[in-house]
Amino acid sequence: MAKRKAAFYWMTVPALLLFFVFHTFPALQGVFYSFTNWNGFAQTYDFVGFKNYYYLFQDDNVGNAYWFTFKFAILVTIVINVLSLLIAMGLNASIKARNFFRGVYFLPNILSVLIVGYIFNYLFSNVFTVWGENLGIGALSTNLLGSQTLAWIGVAFVAIWQGIALNTILYLSGLQTIPVQLYEASGLDGANKWQEFWKITFPLIAPFFTINMVLAMKNALMVFDLIVALTNGGPGRATQSISHLIYTGGFEGGEFAYQSANSVIYFIVIAVISIVQIRYLQRRETDM
């Protein structure tokens, strides 16, 4: 047993050290620098206390980034979970070429976010506009990503297209855990499909619904790669997410300490939202 424990320690301790060095320690450094005025390059810096945190709540750019991120995350989370659940139910049925369709729907999850973003950037700019002009559709004849009011919808569309893949697989795995006998018994009792869904299907896949909601919301709140590939935060700052603002301001704008404070607030917001989601949805699981 002593030799086996030693092997386990040799597997876990190096991983723990690497995690601390490359994740925990930099995070603690960020918290430390958030109380300074360091620009990321200078040899010296001064402590400014909570000034960075105070000015964050006065900054319109920060407010716009949070507003865009929240409306983007809410829309993406809801649409992804609704569509992925419907698709999973279709893929769980006895249809022809079922395995083929499962592979097709999972394909977007294999592709890199940056690659998907650059592909759709080209489509929005050069393909959809030509289609719109040829078909006489005014909404498609102009680049959606070039509009300050509509660009965020284009970003959300791409995020939903790629995000559906993983959630569909998770819902599908949940649907396959439901015994077929339950549906046979409900059919004998005269239950219709709508009643089967709300009385059998949804309660039994409630844990998968919780996982998908939390993951979809977290991924949407942390959107970065897609913004870089599609709009780079533009036009203007119309599609600048919080993570994109932290990156551009901290590493390109000389606001390292200021954006470190922003990242601390950002972490707290994501943690609070995730905890509230988990507790509320798990409570709903027990009530079903």
Side-chain angles (χ1 to χ4, degrees), residues 18-73 76 112-118 120-121 124-125 143 145-152 154-156 158-159 217-274:
L18 289 173
F19 183 83
F20 177 81
V21 171
F22 292 103
H23 184 275
T24 307
F25 182 68
L28 295 176
Q29 277 187 309
V31 176
F32 172 80
Y33 286 126
S34 69
F35 297 101
T36 69
N37 62 353
W38 191 43
N39 61 7
F41 306 100
Q43 296 289 334
T44 59
Y45 52 82
D46 298 319
F47 285 95
V48 296
F50 288 92
K51 284 187 177 180
N52 290 327
Y53 292 92
Y54 172 76
Y55 288 121
L56 279 175
F57 292 95
Q58 315 297 322
D59 194 335
D60 290 337
N61 291 332
V62 175
N64 291 333
Y66 273 85
W67 166 243
F68 164 77
T69 305
F70 283 142
K71 70 178 181 181
F72 170 85
V76 168
S112 166
V113 178
L114 279 175
I115 293 175
V116 170
Y118 286 125
F120 273 94
N121 192 337
F124 278 119
S125 303
N143 186 358
L145 301 178
S147 171
Q148 285 195 336
T149 56
L150 300 176
W152 76 279
V155 179
V158 181
M217 177 63 76
K218 180 188 73 67
N219 292 336
L221 288 173
M222 296 175 64
V223 61
F224 174 76
D225 296 5
L226 207 58
I227 299 295
V228 172
L230 286 173
T231 63
N232 201 30
R237 292 179 180 267
T239 60
Q240 187 169 52
S241 65
I242 306 169
S243 55
H244 186 268
L245 175 63
I246 291 172
Y247 173 79
T248 55
F251 293 98
E252 299 177 5
E255 301 176 341
F256 190 89
Y258 184 68
Q259 296 302 335
S260 293
N262 194 9
S263 65
V264 172
I265 299 296
Y266 186 37
F267 168 77
I268 294 173
V269 169
I270 293 177
V272 169
I273 291 175
S274 299

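Source: prediction; values computed, not measured.
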Please report the interatomic distance [atom1]([X]) to [atom2]([Y]), rounded to the nearest 0.5 Å.
X	Y	atom1	atom2	answer
L145	L230	CG	CG	5.5 Å
F224	L114	CZ	CG	8.5 Å
T24	L18	OG1	CG	11.0 Å
D59	Y54	CG	OH	12.5 Å
I270	L221	CD1	CG	5.5 Å
T248	I227	OG1	CD1	11.5 Å

- prompt: For the residue pair Y53 and F50, does the interplanar ring angle fall in the parallel (under 30°), tilted (30 to 60°) or perpendicular (over 60°) class?
  reply: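 Tilted.
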If you look at every heavy atom in [X] and [Y], which pair is closest and at what distance?
X	Y	value
S260	S34	C-CB, 3.8 Å
Q148	A238	O-CB, 3.5 Å
P235	G146	CG-O, 3.7 Å
V113	L226	CG1-N, 3.8 Å
V223	S241	O-OG, 2.9 Å
L245	N61	CD2-O, 3.9 Å

Would you indicate whether the side-chain heavy atoms of [Y] and [X] approach each other to under 4.5 Å?
X	Y	value
F267	S263	no
Y66	I265	yes
V269	F70	yes
K51	N37	no
S243	M222	no
L56	Y258	yes

Check for a donor-acceptor pair, side chain of [X] on one end and backbone N or O of [Y] on the other, with a separation under 3.5 Å.
X	Y	result
N121	G117	no
W38	A42	yes
S274	A271	no
T36	Y45	no

task: Can you run down the side-chain hydrogen bond (donor to acceptor under 3.5 Å, both in side chains) pairs that involve residues 220-235, sequence neighbours left out, and say none if there aren't any?
output: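 Matches after skipping sequence neighbours: T231-T239, N232-H244.
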message: Checking Y33 against N52: is there a side-chain donor and acceptor pair closer than 3.5 Å?
response: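 No pair is found: no donor N or O on one side chain lies under 3.5 Å from an acceptor on the other.
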- prompt: Who are the ring pair (Phe, Tyr, Trp, His ring centres under 6.0 Å) partners of F47, not counting sequence neighbours?
  reply: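 Expected list: F32.
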- prompt: Has F251 got more than 12 heavy atoms of other residues, nucleotides or ligands less than 6.0 Å from its CZ?
  reply: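 No, CZ of F251 has 12 or fewer neighbouring heavy atoms, counting only those of other groups under 6.0 Å.
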Test log, rule side-chain contact (heavy atoms from CB on, under 4.5 Å), inputs Y247 and E252: CA-CA 7 Å; Y247 173 79; E252 299 177 5; 3.6 Å; yes
